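Source: prediction; values computed, not measured.
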Amino acid sequence: MKKVNIFNKVSLMFGMLFVCVASVFAQVSSDKDPNADFSQFKTFGFKPGTVINQGKTETNNTIMDNRVDNAVTSELTAKGLRRDDNNPDLVISYTAGAQKKTELEDAGPGFAGPGIYVADGWWADSYNDFWTNTYNEGTLMIDVKDAQTDDLVYRVYGAGEVKNKSKKQDKEVNRVVQKGFKDFPQK
């Protein structure tokens with residue numbers, strides 16, 4: 001008769017669940033205009049962004065403006081561009097949004113949770129266990145436009161769970177910007 005430590009099974013299950021959830025919330029992508037001549041861009045400047053929270057639009061969210069501004073400035077100056085809000089070659093703007101999301105999840109096969117105890121020391125699979133997961137999902141889209149033509153030359157898009165603490169939000173914005181500007185052409 002084989003004894004299985006239920007704590008080890010539950011720990012393994014939660015570890016796998018954490019990896020799956022972390023990968024779901026780590027969505028960052030970028031896109032660039034293949035015809036844009038990035039060698040002509042030397043400076044950049046900012047326009048205030050737009051925040052859409054639970055369907056309400058805010059155009060004067062200086063906290064989010066500063067988060068995005070600081071993160072993008074750090075990345076672009078590291079790439080060799082210079083900040084010039086008066087006469088920029090590139091204009092940076094963003095749209096951020098958040099909405100409540102609810103997911104219905106089931107235990108699925110292989111979940112050894114509350115169920116029937118089987119004689120050999122294992123719990124039987126419990127296929128009818130469902131729960132809901134409610135969270136705020138946020139998106140951040142950063143547009144980089146040619147100041148002369150107003151053409152979009154680069155875009156960063158990030159989506160994930162919105163953290164309630166300010167420091168965690170700073171980290172998430174920085175993470176999206178770092179990953180999103182990774183492929184931005186270097187000077």
Between Phe44 and Arg82, is a side chain to side chain contact (heavy atoms under 4.5 Å, CB included) present by the stated rule, with each step listed? CA-CA 6 Å; Phe44 65 95; Arg82 185 176 45 82; 5.8 Å; no
Hey, mind stepping through Ile92 and Asp69 against side chain to side chain contact (heavy atoms under 4.5 Å, CB included) and telling me if it holds? CA-CA 9 Å; Ile92 315 294; Asp69 183 324; over 6 Å; no
How far apart are the C-alpha atoms of Gln169 and Ile63, what are their side-chain angles, what is the distance that settles it, and do they pass the side chain to side chain contact (heavy atoms under 4.5 Å, CB included) test? CA-CA 11 Å; Gln169 289 177 8; Ile63 294 171; 5.8 Å; no
Between Val72 and Ile142, is the side chain to side chain contact (heavy atoms under 4.5 Å, CB included) condition met? List the steps. CA-CA 9 Å; Val72 172; Ile142 302 169; 4.1 Å; yes
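Here the shortest heavy-atom pairing between Thr43 and Leu81 reads O-CD2, 4.2 Å. Nearest approach of Pro88 to Val91, heavy atoms of both residues: CG-CG2, 4.1 Å. The nearest pair of heavy atoms linking Glu172 to Arg175 is OE1-NH2, 3.0 Å. When all heavy atoms are compared, the tightest approach of Asn86 to Asp84 is N-OD1, 3.0 Å. The shortest heavy-atom contact between Lys32 and Pro185 is NZ-CG, 4.1 Å. Considering all non-hydrogen atoms of both residues, Gly180 and Val28 come closest at N-CG1, 3.7 Å.
Using a 4.5 Å heavy-atom cutoff, the side chains of Leu152 and Asp33 are not in contact. At a threshold of 4.5 Å between non-hydrogen side-chain atoms, the residues Tyr94 and Val156 do not count as touching. You'll find the side chain of Gln27 stays beyond 4.5 Å of the side chain of Thr139, heavy atoms only. In this structure, the side chains of Leu140 and Met64 come closer than 4.5 Å at one or more pairs of heavy atoms. Taking the side chain as every heavy atom from C-beta outward, Thr57 and Thr50 approach each other to under 4.5 Å. Looking only at side-chain heavy atoms (C-beta outward), Asp31 and Tyr157 stay at 4.5 Å or farther from each other.
The list of salt bridge (Lys or Arg N to Asp or Glu O under 4.0 Å) pairs with a residue in residues 140-160, not counting sequence neighbours, reads Asp143-Arg155. Within the structure, no pair that satisfies the ring-ring contact (aromatic ring centres under 6.0 Å, His included) test touches residues 58-82, not counting sequence neighbours. Residue pairs meeting the ring-ring contact (aromatic ring centres under 6.0 Å, His included) criterion with at least one member in residues 168-187, sequence neighbours excluded, are Phe38-Phe184, Tyr154-Phe181, Tyr154-Phe184, Phe181-Phe184.
Thr77 places a side-chain N or O within 3.5 Å of a backbone atom of Ser74 that can act as its donor or acceptor partner.
For the side-chain hydrogen bond (donor to acceptor under 3.5 Å, both in side chains) test, residues two or more places apart in sequence or in another chain that qualify with Asp37 are Ser39. The salt bridge (charged side-chain N to carboxylate O under 4.0 Å, His left out) search around Asp65 returns none, not counting sequence neighbours. Looking at residues two or more places apart in sequence or on another chain, you find no salt bridge (charged side-chain N to carboxylate O under 4.0 Å, His left out) involving Asp183.
In summary, Asp170 and Arg67 engage in a salt bridge, as defined by a charged side-chain N under 4.0 Å from a carboxylate O.
Atom CD of Gln148 has 12 or fewer neighbouring heavy atoms from other residues, nucleotides or ligands inside a 6.0 Å radius. Heavy atoms from other residues, nucleotides or ligands lying under 6.0 Å from NZ of Lys42 number more than 12.
Atom NZ of Lys79 and atom NZ of Lys182 lie 9.5 Å apart (nearest 0.5 Å). For the atom pair CZ of Phe46 and CG of Leu76, the computed distance is 6.5 Å after rounding to the nearest 0.5 Å.
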